[in-house]
Each structure stands twice: as structure tokens, then as C-alpha cells.
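Report on the structure given below.
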Amino acid sequence: VYKDSSLQKTAEALANDYEDITGKSIAVVKGESKTGDITLALTKDKSLGLQDEGYLMDIDDSINIKAETTTGAYWATRTILQSIKQSGNVPCGTTRDYPLYKVRSFILDVGRKTFTMDYLKQIVKQMSWYKMNDFQVHLNDNLIPIESLADPMTGYSAFRLESDVKKGGNNGLNQQDLTSTDLFYTKKEFKDFIKDSRDYGVDIVPEIDTPAHSLALTKVRPDLRHGTNGRENDHLALRDKYDESLEFVQSIFDEYMTTSDPIFDEQTTVHVGADEYNADKEAYRRFSDDMLKYVQNSGRTARIWGSLTQCSGKTPVRSKDVQMNLWNFGYANMDQMYEQGYDLINCNDAQYYIVPNAGYYYDYLNSNILYNQAINSISGVTIPAGDEQMLGGAIAVWNDMTDYLENGISEYDVYDRLQNAIPLFGAKLWGKDDKTLSQANNLRVTLGDAPGTNFGYETIKMKTLLLIMI
């Protein structure tokens, strides 16, 4: 039973997932509740301390859920379903539940490897099952060691969103289409993906990475390359052609942000990239500030990669209400970025980076680090627990093994590497109570994959055969 029309999708999701888990159906109605019902209601009572994602659940002969937001109510339904999956029932009592950290994120590099939209949607469900709420989709990238190729401009690159940037456009300056030819997401499906994911409590954070990692862009505008030697080819010419480079990048963002019905709507946190640019520090700082200003002036929240320690300099880069991915202490010292005022997301590469079957970074993340290592500490620097600037953390999958490095990793292989990572990391950032790692691992095995997912694309016949064999 839902009390407010905005809770209808939440109630329907509960009913659908309950049937997926138990094989039994429950009705979804709006109105008054009775004994034995599950009731979803919104409250304006701030004294309950529920805020954006918390919920209050009273359980006796009925289950009554209160939340300030539809997201909070949705998280309550995950708790109910997980309890049913564990024991077949929901214990009586009162639960007041809310997350420790605001951002509980997963970053997926789709720029160097193809992932279908169906796969991305399943990842959203899996994240949601374990109360992770932020999916950063890294939309463009290229082979890293392009200097090893006879012609670096032939290295693999991709820009995964449908774009109006076409060969011959811009008065003939565009030398090829921007959109990937092997796989891309249409504007409509990505816009729907952003909006539909919110029903699962997950925010999609689109990332367009410039001014480095930009071979997909410099193939369109080779005149905007920093140079023609090795990795200069995937760096934009900020030192020599700053205005033209900025205009080109912002014209791409405009396509998704400034239309009457934008792909990245005003609720979307937009990531401006700005990772590992090594050509000109002051030009990089100017570019970063201009891109952050561009996003913030649109009314959206801006996110950026941490590089301001490595690219230290005199040019100011705005920090107020800017979210920063802290990926490497040498590139962005945690204490410096905190003092400068950035809102911090710990995705430190030494702990939280997967590069599948590459022989460097992790192939599978360490379960003890995922579950037990404090997210508010990096390299001996600790931000006080509960500080508003410490937003949370992220795990990441980078698909560096592309082009001549291709190693055959599939979508399923990536899912396999997330089986321990999403549940354990999600538990740490939401709040893991006093469960040991061993207990948490046993629980994640019991809870398994989210209802409505099928990462192995198994048919009913296949599943039946597996059951018979077991």
C-alpha cells in the first residue's frame, strides 16, 4: 500500500522483486492499509533525522515505512527483501536506518571497452540491491600507450554517446564523426537511463574526459592536438590553442546540457574529467576552472578528477561545491584538497582500482580493504568522520587492455570481479554494524545477485539444467 502517488514505482518494484524472490505475488494499491500490509508513506517530520536516504520501519502485524524521500522508502524495500531472502520473514521491531556516507560509487570505463545498455541497467540494479547510489560512467577514452604505435592517431578510441559532431562539419574542420562506430548509446536511451536509474536510488554521473584521454576528440579535430609525438596526440592544445580547444569541448557538453529537453538534466551531477593532463600546468588549471564554472553555471553539480597537487600552480581553480575523485595521493593530496575546500570521494588507485587481467593494479579487489579500511583515510591522512566534505568513496574498473593489448575480458568477466566488491564496499559505506568480514562474505553469498538481473543471460532451460546437476 502506498500513500503518496510518488511512491507507486517503489511499491511496484517491491512487488515485482518479491515475486522474483519468492514466486508469490502481492497486490499494489493506493489507499488505506490493513493488518498484514506493507505500507509506504512519506513524512515531513525532520525530527526523525531521516534526511535524503534514511527510513523508519515499524514491524509488528504489519510493516509501516516512513521516509522523507522516495529514495529512502526504496532502500527500506531492499531491507525487507533481503530479510526475506535470508530467513523467509521480517523480524518484528523498529528500524531507523540511514547511510554513513552520501556517495557510494562505482566507476566503469566504457570508453575502452564496449558495454551494452542492458548491462549498464543490470549494474544499476546490482548496485541498488546493496544500497550503492552513484554510478560514474566514463564515456570516452583511448589506448594508453599510443606512442608504441607507428601512428598514434590510429590507436583505439571511443566516444560512447550519440553526437551531432560529424565529419565535414564546423566549416570542414571535423575530420571524422565523434560517435563510436562499434557501440554507442543513443541520446534517448541515455537520457532514459539517467532518469530510470533514479527509481532504483542510483544517480548516473556521466563523465566526458578532457583535455587528456581525448584521442576520440583529436581524431575529429587533429588541428587541436597538443603535438604529434606519442601521447601529445591525445592531449588538447591548451597552451597554444586554448580558446579553440575550450570552445570545442564545451560545444560537445552543450549538446547534452543546453537543449530544451537535455540528456543530462539539471539533477545530474556532471563529471568534467580533467585527468592526467601533463602538457601545461597553468593552462590545465585554467581549463579545469572554466569547465567547473560551465557546469555550475548550468545549475548542475560538477565533479572532477583530482590532479591539482601534480598540477600545482598560480591559476585559481574553484572548489566551492565541487566534488573531486581522489585517485592518487601524488596527483591530489587529500589534506591539500580538503583545505582548498573540495568535497572528497576516495577512489585511491592503490586500494580501489581494477584493471582486469592486466598484471598491474588489482584483478580482484582485496575483500579486507573493501570492507574494513576506513574510507576517510588515504596515505596516513584522515578526514574527521562525519565531515561534510568527506562525501564517500568509489571503486573503479578500468579497461586499459584494449587495441593490441586486448585480453578477451568480457562483460561477464567484469561482473565476476564485482561479486565481492559491490556488496562489501556498499556495506562499508552504508554502515556494516559489527559484522566481521567472514560474516559479511557469507551474507553476500546468501543475498546473491539483485532481483531482475541475469548477468549470465541464462535461459529458463539452462537454469533448470543447472538445478538438476546440483
Quick one: side-chain contact (heavy atoms from CB on, under 4.5 Å) partners of [X], sequence neighbours excluded?
{"X": "Asn346", "result": "Asn348, Tyr352, Ile375, Ile378, Met390"}
{"X": "Tyr331", "result": "Glu276, Asn278, Ser307, Gln310, Trp327, Asn328"}
{"X": "Thr258", "result": "Asp254, Tyr294"}
{"X": "Lys167", "result": "Asp177"}

For Lys187, all residues meeting salt bridge (charged side-chain N to carboxylate O under 4.0 Å, His left out), sequence neighbours excluded: Asp164, Glu255

Do [X] and [Y] have a side chain donor and acceptor closer than 3.5 Å?
{"X": "Ser438", "Y": "Asn441", "value": "no"}
{"X": "Asp363", "Y": "Asn357", "value": "no"}
{"X": "Asn454", "Y": "Glu458", "value": "no"}
{"X": "Glu207", "Y": "His138", "value": "yes"}

Say whether, by atom type as modelled, one donor and one acceptor occur between the side chain of [X] and the main chain of [Y] under 3.5 angstrom.
{"X": "Lys428", "Y": "Ile369", "value": "yes"}
{"X": "Gln175", "Y": "Leu173", "value": "yes"}
{"X": "Asp109", "Y": "Asn399", "value": "yes"}

side-chain hydrogen bond (donor to acceptor under 3.5 Å, both in side chains): pairs with one or both residues in residues 238-252, sequence neighbours excluded: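 Of all non-adjacent pairs touching residues 238-252, those that pass side-chain hydrogen bond (donor to acceptor under 3.5 Å, both in side chains) are Tyr242-Asp290.
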
side-chain hydrogen bond (donor to acceptor under 3.5 Å, both in side chains) partners of residues 383-394, not counting sequence neighbours, each pair once: Tyr338-Asp387

Is there side-chain contact between [X] and [Y], with at least one heavy-atom pair below 4.5 Å?
{"X": "Leu344", "Y": "Met334", "value": "yes"}
{"X": "Tyr74", "Y": "Leu14", "value": "no"}
{"X": "Pro423", "Y": "Tyr371", "value": "no"}
{"X": "Lys281", "Y": "Thr315", "value": "no"}

Sequence neighbours excluded - salt bridge (Lys or Arg N to Asp or Glu O under 4.0 Å) pairs with any residue from residues 129-152: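 Pairs touching residues 129-152 that pass the test: Arg112-Asp141, Asp134-Arg303, Glu147-Arg231.
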
For [X], what residues pass the side-chain hydrogen bond (donor to acceptor under 3.5 Å, both in side chains) criterion, not counting sequence neighbours?
{"X": "Gln126", "value": "Asp449"}
{"X": "Asp182", "value": "Tyr156, Arg160"}
{"X": "Thr181", "value": "none"}
{"X": "Asn333", "value": "Gln336"}

Residue that, paired with Glu53, satisfies side-chain hydrogen bond (donor to acceptor under 3.5 Å, both in side chains) out of Trp75, Tyr98, Trp430: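 Result for side-chain hydrogen bond (donor to acceptor under 3.5 Å, both in side chains) with Glu53: Trp75.
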
Proximity of Trp398 and Tyr353 rings by center, below 6.0 Å: yes

